[in-house]
Amino acid sequence: MTGYTMLRNGGVGNGGQTCMLRWSNRIRLTWLSFTLFVILVFFPLIAHYYLTTLDEADEAGKRIFGPRVGNELCEVKHVLDLCRIRESVSEELLQLEAKRQELNSEIAKLNLKIEACKKSIENAKQDLLQLKNVISQTEHSYKELMAQNQPKLSLPIRLLPEKDDAGLPPPKATRGCRLHNCFDYSRCPLTSGFPVYVYDSDQFVFGSYLDPLVKQAFQGTARANVYVTENADIACLYVILVGEMQEPVVLRPAELEKQLHSLPHWRTDGHNHVIINLSRKSDTQNLLYNVSTGRAMVAQSTFYAVQYRPGFDLVVSPLVHAMSEPNFMEIPPQVPVKRKYLFTFQGEKIESLRSSLQEARSFEEEMEGDPPADYDDRIIATLKAVQDSKLDQVLVEFTCKNQPKPSLPTEWALCGEREDRLELLKLSTFALIITPGDPRLVISSGCATRLFEALEVGAVPVVLGEQVQLPYQDMLQWNEAALVVPKPRVTEVHFLLRSLSDSDLLAMRRQGRFLWETYFSTADSIFNTVLAMIRTRIQIPAAPIQEEAAAEIPHRSGKAAGTDPNMADNGDLDLGPVETEPPYASPRYLRNFTLTVTDFYRSWNSAPGPFHLFPHTPFDPVLPSEAKFLGSGTGFRPIGGGAGGSGKEFQAALGGNVPREQFTVVMLTYEREEVLMNSLERLNGLPYLNKVVVVWNSPKLPSEDLLWPDIGVPIMVVRTEKNSLNNRFLPWNEIETEAILSIDDDAHLRHDEIMFGFRVWREARDRIVGFPGRYHAWDIPHQSWLYNSNYSCELSMVLTGAAFFHKYYAYLYSYVMPQAIRDMVDEYINCEDIAMNFLVSHITRKPPIKVTSRWTFRCPGCPQALSHDDSHFHERHKCINFFVKVYGYMPLLYTQFRVDSVLFKTRLPHDKTKCFKFI
């Protein structure tokens with residue numbers, strides 16, 4: 001109250017100052033009001049004007065702040081869209097954040113699992129290391145047990161007698177010579193390889209009297225024989241040729257005996273010597289009848305009982321084809337089974353003939369004892385009665401129209417020339433061979449010649465006289481190719497011949513053809529048979545066969561092979577367990593010194609393929625018991641038993657009785673590098689593949705800059721000496737497996753198809769197993785065989801452009817099959833696949849096996865091959881007919897059997913669904 005009063009009083013006292021204050025206050029309020037008015041009015045106007053100016057300066061339709069048509073500036077819809085977008089983005093961000101959190105959680109869990117797996121791996125490594133130690137200890141224990149129970153064997157020391165060897169203790173009688181008392185085994189160890197030394201007959205006096213053709217043929221085959229050596233000091237056997245002599249014989253037995261005893265390695269008694277007397281004519285002299293041969297073996301076609309030493313001497317076939325190979329075009333076919341004549345015989349018996357055997361003494365003095373019963377008169381009467389009965393058409397002649405050939409006493413002499421006799425035998429179903437009337441003449445050149453000619457033309461021999469010693473009788477089962485009938489049963493011969501069925505007759509004719517080709521036909525076969533007989537008797541195995549040396553072509557590799565999607569698509573078929581081991585070879589031949597008696601007889605009598613005459617193969621295949629096959633040093637390897645009821649699934653085991661096995665691909669090519677590279681790449685990752693052998697059939701080498709694919713197994717490129725389709729089947733030494741997949745360079749097969757074919761082959765190792773089927777047909781209008789590649793329910797061939805077969809057949813094809821067939825393959829550059837089918841069917845008497853329903857296997861887009869030529873099929877028609885002439889019959893067999901897996905899909909046309917049997 002006091003303050004307020006003072007102010008009022010002060011103001012009254014200072015009136016001038018109060019007026020100034022009032023006036024200044026009014027000025028401030030006025031200025032402040034003006035300033036606010038300018039800010040609130042003029043600034044918005046100026047800003048509006050400026051912004052309007054900027055809008056007008058922009059391009060039409062892009063104004064930002066200027067007036068908008070239709071009042072769009074205030075449009076609410078645009079703002080709402082922006083709001084919705086903001087909300088959507090916000091939601092997505094929230095979702096992403098949630099996912100990020102989930103992934104972080106999963107990552108954490110996976111990290112925990114990785115740590116656990118690492119621990120498991122470490123534990124597995126420790127377990128593996130322990131297992132390796134256990135395996136190593138087990139192997140060491142196994143070796144110790146083997147060393148304890150099986151002593152270590154080494155090759156025996158080679159025993160070589162001294163040059164001045166006095167010989168073995170003499171036997172009580174010369175006729176008592178057998179291997180145990182007249183043969184020196186110390187010169188022939190099991191591991192010696194059976195070395196044979198052949199004397200040069202020209203260095204001795206009797207060599208000038210030898211028939212030139214016989215001597216030349218013998219020398220030629222001896223030079224080419226695998227056992228012949230020039231080192232006489234290491235020889236196991238010594239061979240000398242003494243006949244056939246030229247006419248007239250001027251060398252007396254005493255002179256021949258003196259020359260034989262003077263041989264450089266005769267060693268007083270001639271042990272381990274073989275004296276060979278080959279007969280080219282039916283009247284060949286028995287030069288060694290009155291010659292003391294000591295402990296030397298005698299091999300000839302004429303023997304008397306007092307001269308022949310069973311199990312020691314050898315009855316050999318006459319050498320009819322001295323310097324020529326048999327002409328297969330002149331040999332009649334084995335069908336039809338029945339021929340014009342049921343049986344034939346032509347001969348004349350000359351009792352008064354005296355041969356060189358009776359030099360100083362009469363025939364009666366030579367043959368001691370009472371004369372044997374003579375059935376010849378009864379034989380003549382019986383055979384004439386059969387001929388007169390006209391029940392069957394037969395031809396028997398007991399008197400020659402011309403001068404008969406010279407013969408031994410009591411022997412039926414041959415009539416006419418060889419060509420005339422062969423023409424008659426070609427018309428004969430059976431050929432009668434009447435043995436000499438005196439049974440003490442165990443074999444003669446005349447009988448051996450009749451046997452040779454009958455087998456040559458396919459007339460089944462009927463030998464009257466069981467006392468006869470047929471050639472190689474202690475090794476060959478003649479009852480499979482000939483009928484040996486005692487002479488007292490001559491009245492039953494007609495009934496016996498009529499009772500044979502056509503199938504048995506054809507089998508005997510085919511076996512006879514095999515025996516003739518293998519043991520009789522040429523000088524080479526006779527010499528090989530003589531050596532094989534002796535080698536088998538003294539139990540020395542055959543020498544290893546010489547495989548075809550592969551001349552490798554250097555090539556660059558390293559290009560990583562891709563995976564063809566078509567090859568990787570295996571359908572529903574699992575290829576089975578994948579091999580993780582490196583390539584391994586099939587088991588080698590292990591029965592060199594352990595041949596059984598069964599193998600011994602089977603090897604000499606089973607058709608076809610004279611493998612006992614040749615070295616054995618590296619692999620030992622064995623056929624089923626019902627199929628005959630050569631087993632002396634060859635044959636299919638006996639396989640061990642499987643697990644038996646193990647219950648493994650199809651995908652979990654390879655199948656078959658051999659638990660471990662691989663195969664080799666052999667691919668023939670000729671200057672098609674791009675096609676070849678594509679085919680090789682398709683083999684990448686193929687299970688059970690051991691290696692690939694590319695047979696480069698062109699004289700032009702591959703391009704130097706060609707980069708070969710790396711398919712995980714070795715690729716061997718082999719150079720050939722000439723362009724020949726026969727090179728496909730050469731037994732290359734680089735092939736170390738029994739199974740061979742022969743495949744063309746343009747073949748297009750999936751892995752599952754190849755694996756399935758391999759599994760089927762393992763169940764039928766003696767047959768061709770493949771994909772493209774073909775068949776043969778009889779052309780009635782032209783009376784010939786035709787090759788047919790049309791789709792059919794029936795087949796008789798499987799082309800080897802995509803097929804499995806055993807390597808054993810490569811040896812047979814290259815070294816045993818008649819050369820005429822290989823020559824025709826080279827001439828036409830065709831038909832090698834047909835030739836292989838003929839060979840296997842001829843051996844096994846079984847058709848091939850086709851797998852899957854595919855009929856073709858060519859890759860799409862590949863260049864055309866030889867098979868697209870118009871002349872291709874015409875040549876194959878000719879090949880089939882020529883092969884039939886060579887074999888003498890049609891060996892191919894029809895089948896409607898096909899093997900398909902139930903585990904992969906088969907695309908089969910509706911009209912073919914009833915054609916095959918499936919398993």
Is there a side-chain contact between Pro709 and Asn684 (heavy atoms, below 4.5 Å)? no
Please identify which of these residues, Thr664, Thr737, Ile735, meets the side chain to side chain contact (heavy atoms under 4.5 Å, CB included) condition with Lys807. Ile735
Phe758 and Phe804 aromatic centres sub-6.0 Å: yes
Do His555 and Leu706 come within less than 4.5 Å of each other through their side chains, counting heavy atoms only? no
Interatomic spacing from CD1 in Ile754 to CG in Leu689 - rounded to 0.5 Å: 8.5 Å
Side-chain (Asn697) to main-chain (Ser724) donor-acceptor, under 3.5 angstrom: yes
With a 4.5 Å limit on heavy-atom distance, are the side chains of Val718 and Glu548 in contact? no
Report all side-chain donor-acceptor pairs from residues 101-124 shorter than 3.5 Å, counting only partners two or more places apart or in another chain.
unit_1, atom_1, unit_2, atom_2, d
Gln101, NE2, Glu97, OE2, 3.4
Asn104, ND2, Arg100, O, 3.1
Asn111, ND2, Ile107, O, 3.1
Ser120, OG, Ala116, O, 3.0
Asn123, ND2, Lys119, O, 3.1

Look at the side chain of Arg762 and the backbone N and O of Ala739, then say whether any donor-acceptor pair between them is shorter than 3.5 Å. no
Using a 3.5 Å distance criterion without hydrogens, assess whether the side chain of Asn727 forms a donor-acceptor pair with backbone atoms of Asn723. no
With rounding to the nearest 0.5 Å, note down the distance linking CE in Met755 to CG in Leu749. 13.0 Å
Quick check: do Asn837 and Pro848 have side-chain heavy atoms less than 4.5 Å from each other? yes
Side chain of Lys691, backbone of Glu734: donor and acceptor closer than 3.5 Å? yes
Between atom CG of Leu680 and atom CG of Asp745, what is the distance when rounded to the nearest 0.5 Å? 9.0 Å
Would you say Phe897 and Lys850 make side-chain contact, with heavy atoms under 4.5 Å? no
Can you measure from CD (Glu681) to CH2 (Trp708) and round to the nearest 0.5 angstrom? 12.0 Å
Note: Pro772 and Ala802 closest approach over all heavy atoms is CD-O, 3.7 Å
Ser703 side chain to Glu673 side chain, donor-acceptor N/O pair below 3.5 angstrom: yes
Check: Ile740 and Phe729 side chains under 4.5 Å, non-hydrogen atoms: no
Distance in Å, Leu686 CG paired with Arg750 CZ, rounded so as to fall on 0.5 Å steps: 13.0 Å
With no hydrogens and no angle check, is any side-chain donor or acceptor of Ser90 less than 3.5 Å from a backbone partner on Arg86? yes
Ser586 (side chain) donor-acceptor with Glu738 (main chain) under 3.5 angstrom: yes
Would you compute the distance between atom CD of Glu547 and atom CG of Leu730 and round it to the nearest 0.5 angstrom? 11.0 Å
Heavy atoms of Val840 and Arg767 approach each other most closely as CG1-CA, 4.4 Å
With a 3.5 Å distance limit and no angle check, can you tell me whether Ser742 reaches the backbone of Thr800 through a side-chain donor-acceptor pair? yes
Here the pair of heavy atoms bringing His751 nearest to Arg682 is NE2-O, 2.5 Å
Give me each pair satisfying side chain to side chain donor-acceptor pair (under 3.5 Å) with a member in residues 130-147, each pair once, sequence neighbours excluded. His140-Glu144
Regarding Asn690 and Gln662, is there a side-chain donor-to-acceptor distance under 3.5 Å anywhere? yes
Any non-hydrogen side-chain atom of Phe663 less than 4.5 Å from a side-chain atom of Trp761? no
Under 3.5 Å: donor-acceptor pair, side chain of Asp900, backbone of Thr852: yes
I'd like to check Asp766 versus Tyr809 (side-chain heavy atoms, cut-off strictly below 4.5 Å). Are they in contact? yes
